[in-house]
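Right, one structure below, let's go through it.
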Number of protein chains: 2
Amino acid sequence: MSIAGKRARSDMKQVAAHAGVSTMTVSRALRSPNKVAADTLKRIEQAIEALGYVPDLVASSLASKRSHIIAVVVPTVSSSIFDDSVQGIADRIGSEGYQLIMGESRYSAEREEALTMALLGRRPDGLVLTGTTHAPRLRDRLKEAGLPVVETWELTDDPIDGVVGFSNFDAGYAMTAKLLGWGYRRIAFVGGSQEPRTAARRAGYEACLTDRDIAGAPVTAFSEGLSLRAAATTFESLMDQNPELDAVFLSSDSLAASALFACQRRGWPVPDRVALAGLGDFEIAAELVPALTTVRVPRYDIGRQAADMILARLNGSATTSQTLDLGYEVVRRDSA
Amino acid sequence: MSIAGKRARSDMKQVAAHAGVSTMTVSRALRSPNKVAADTLKRIEQAIEALGYVPDLVASSLASKRSHIIAVVVPTVSSSIFDDSVQGIADRIGSEGYQLIMGESRYSAEREEALTMALLGRRPDGLVLTGTTHAPRLRDRLKEAGLPVVETWELTDDPIDGVVGFSNFDAGYAMTAKLLGWGYRRIAFVGGSQEPRTAARRAGYEACLTDRDIAGAPVTAFSEGLSLRAAATTFESLMDQNPELDAVFLSSDSLAASALFACQRRGWPVPDRVALAGLGDFEIAAELVPALTTVRVPRYDIGRQAADMILARLNGSATTSQTLDLGYEVVRRDSA
DNA sequence: GTGAAAGCGCTAACAA
DNA sequence: TTGTTAGCGCTTTCAC
């Protein structure tokens, strides 16, 4: 029914005719109302209201070469990890009249490249990428593309353009050091292996153990697929095979929560039987019983600052992108 | 730096020149390669590769009046509730070359209207809305807009166009009936009051108690803001003021999890001191200890089917939108 | 403060 | 199978 179309959408020409001015004046009324006489402006506004005119941003983008769109690539949309960053971006750009176009890389560099190129077809004014590991060809193309690009959630010596994040290596190292400081000695690490960020956390964990020359090799287990069920299973078999473990560091709070529930099912007291630590400081971390010891990372601010960096470039108030290290913070609660 | 621009983006004309054909042939090679001779196609592909050409979808949209964009309005992006639906949409449309443009209504009908009109400026081929409660003016405009619109997460007698969801009233009613069937008598309801969907669940709950003529009025508490902390506080004061309660039905699994943690902190056995039930069947529901009794709702499928409905309309394989009731299912676990 | 002409990069409709 | 012409709805530029 509705696809058949009712009365045709009205365009700027109709608004102009209705208000007795030229389209140029309507355009000005929309973009820079202060350059239009007050009464003219009022007539135009009435015409817009009367006709239910909605400016065609597609035509506007084509003519002005400004789309007012920011493209965002995340590994997955259904993951509380990146949601907050997207929220940060949305909050920052929404007030400036920008809109968000999104795509999912599904943790594949190949898909990321294809998707990003497709998004570039919309001629976004800026691009936010997750991570700093990308297909080399994509990096090259983005460097040539001439639009502000911000990589997030990691730091790197060789950015495409701007970077906003923190050191996942350091975060992994710091939590491990804290656990050692609190007296734990047999510490395992659990996390996926696909994500470069998790790999960096693991590397930090291993480096810390090596530095402190802790007896016994690092114990690591992989929990792919990110499902809570898989995480619980992984944790349980890890504990079965290494009953001497006194602490487990999981690469995200979701995994840690899952491990905690596994302990509860077994009747294991946490942290007495085994201490648990996560990463992220998700909202649930403070609510869990015992509350979760974790590494707080600036999820929301990563998005906000990334958007800010892009807008600064677009407004001309910054000519060069930068690297912004937002840091992290170990938060000790009761689980370790 | 990169904003200064490197070598200018190449356009279709350059590709055409490089391949020795007209732009129209390049356009065909892109949209319907089967209508182009094999060797011509190859030359064009080489030209595209050589020039690093990325088709301008903005110009394409303007000329063809097909944007290949689906607009989605959700109350909030950082909420696991709608993520899965967005994922469902993304999965369904991604394979068809469509892209997603998103905005947040923040649970405000006013914001929803402004946002939706702004999104319509991008001339999306379809629109997915959350809920069936909208500003009347928005409804009118969308009916006139002549594009496929699908409302989700609820059912309604008076849709704008298509609807995909389930009855929140029935879901609330069903869970309440089950709780009564399991022997609970003093049942409270906790949920926000802003969301129409929560209100419908509450109405279902109240209707059930009324129908069964259960002694005592329904006990309800509001937990706004959606924060887990607020939910815990609300639950605790509810219990303090109504110590006789033997079951609490919370309008989402997040709230229920929060209530469960509150019980754990107080050393209250669940369900013996108080039974807990949620709604959503989030991934965490099955992992909690005790595992959460809840109402499973088709979060992912809502998105998938909504996208499907839109695509069917766009492909002409459906001429009229419909109402799709995806149902719900009470899942009994250990918490009630 | 306002308008006229030109054109953004592509594709519909037609023709060859 | 391929090309030509016109134009999508707006904004740029320049003139008044």
Side-chain angles (χ1 to χ4, degrees), chain A residues 5 8-45 47-48 51-69 97 118 120-125 145-146, chain B residues 5 8-45 47-48 51-69 97 118 120-125 145-146:
Chain A
R9 223 191 285 279
S10 53
D11 63 12
M12 198 176 263
K13 210 182 279 182
Q14 295 174 43
V15 174
H18 190 109
V21 295
S22 71
T23 60
M24 208 37 243
T25 304
V26 176
S27 178
R28 283 199 192 92
L30 255 26
R31 305 303 149 213
S32 24
N34 56 319
K35 289 184 177 171
V36 174
D39 58 327
T40 313
L41 190 56
K42 201 160 71 186
R43 287 206 323 279
I44 292 175
E45 281 165 352
I48 288 176
L51 297 174
Y53 171 64
V54 179
D56 189 323
L57 301 179
V58 175
S60 170
S61 299
L62 182 61
S64 69
K65 317 211 136 289
R66 272 291 195 117
S67 63
H68 288 269
I69 279 186
L120 285 186
R122 298 290 169 186
R123 301 297 183 257
D125 292 339
Chain B
R9 225 190 284 279
S10 52
D11 63 11
M12 197 177 263
K13 210 183 277 182
Q14 295 174 43
V15 173
H18 190 109
V21 295
S22 72
T23 60
M24 205 44 237
T25 304
V26 176
S27 179
R28 284 199 191 91
L30 255 24
R31 305 302 150 214
S32 26
N34 57 318
K35 288 184 178 172
V36 174
D39 57 327
T40 313
L41 190 57
K42 202 161 72 187
R43 288 208 319 282
I44 292 173
E45 281 165 352
I48 287 175
L51 297 173
Y53 171 65
V54 179
D56 189 324
L57 301 179
V58 174
S60 171
S61 300
L62 182 62
S64 69
K65 317 216 138 280
R66 273 289 197 124
S67 63
H68 288 267
I69 280 186
L120 285 187
R122 299 290 170 188
R123 301 295 182 257
D125 292 339

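Side-chain atoms are counted along with the backbone in the values below, which use heavy atoms only and exclude waters and symmetry mates.
- Atom CZ in B/R66 sits roughly 16 Å away from atom P in D/dG9 (whole-Å rounding).
- Looking at B/S22 and B/T25, their side chains come closer than 4.5 Å, going by heavy atoms from C-beta outward.
- Counting heavy atoms from C-beta on, the side chains of B/D56 and A/R123 come closer than 4.5 Å.
- Look at B/R28 and you won't find any side-chain N or O under 4.0 angstrom from OP1 or OP2 of D/dT1.
- Residue B/L62 holds its CG atom at 12.0 Å from CG of A/L57, rounded to the nearest 0.5 Å.
- Annotation: salt bridge (Lys or Arg N to Asp or Glu O under 4.0 Å) contacts of A/R28 (sequence neighbours excluded): none.
- Proximity of a side-chain donor or acceptor of B/D39 to a complementary backbone N or O of B/K42 within less than 3.5 Å is not detected.
- In this structure, B/T23 contributes its side chain and B/M12 its backbone to no donor-acceptor pair below 3.5 Å.
- Against DNA chain C, the stretch residues 16-26 of chain B makes heavy-atom approaches under 4.0 Å through B/T23, B/M24.
- With the nearest nucleotide of DNA chain D identified for both A/A63 and B/A59, B/A59 has the one nearer the 5' end.
- Look at CZ on B/R122: it is 13 Å from P on D/dC10, rounded to the nearest Å.
- Considering CZ of A/R31 and OG of A/S60, their distance stands at 4.5 Å, rounded to 0.5 Å.
- Rounded to whole angstrom, the span from the CZ atom of B/R31 across to the P atom of C/dA12 amounts to 9 Å.
- Atom C1' of nucleotide D/dT2 and atom NZ of B/K35 are separated by 13 Å, given to the nearest angstrom.
- Taken from CZ in A/R43 to CG in A/L41, the straight-line distance is 10.0 Å, to the nearest 0.5 Å.
- Atom-to-atom, CG of A/L30 to P of D/dT11 comes out at 7 Å; the value is rounded to the nearest Å.
- In this structure, A/K13 places its NZ atom 15 Å from P of C/dG3, rounding to the nearest Å.
- The CG atom of A/L51 sits 15 Å away from the P atom of D/dG9 (whole-angstrom rounding).
- The side chain of B/Y53 contributes no N or O atom lying less than 4.0 Å from OP1 or OP2 of C/dG9.
- The side chain of B/D56 lies closest to C/dG9 when the candidates are D/dG9, C/dG9, C/dT11.
- For the contact set between residues 36-45 of chain A and DNA chain D, defined by any heavy atom under 4.0 Å, there are no members.
- Checking the phosphate oxygens (OP1, OP2) of C/dG9, a side-chain nitrogen or oxygen of A/K65 falls inside 4.0 Å.
- The nearest pair of heavy atoms linking B/Y53 to B/D11 is CE1-C, 3.6 Å.
- Straight-line distance from the CG atom of B/D11 to the P atom of C/dT11: 12 Å, rounded to whole Å.
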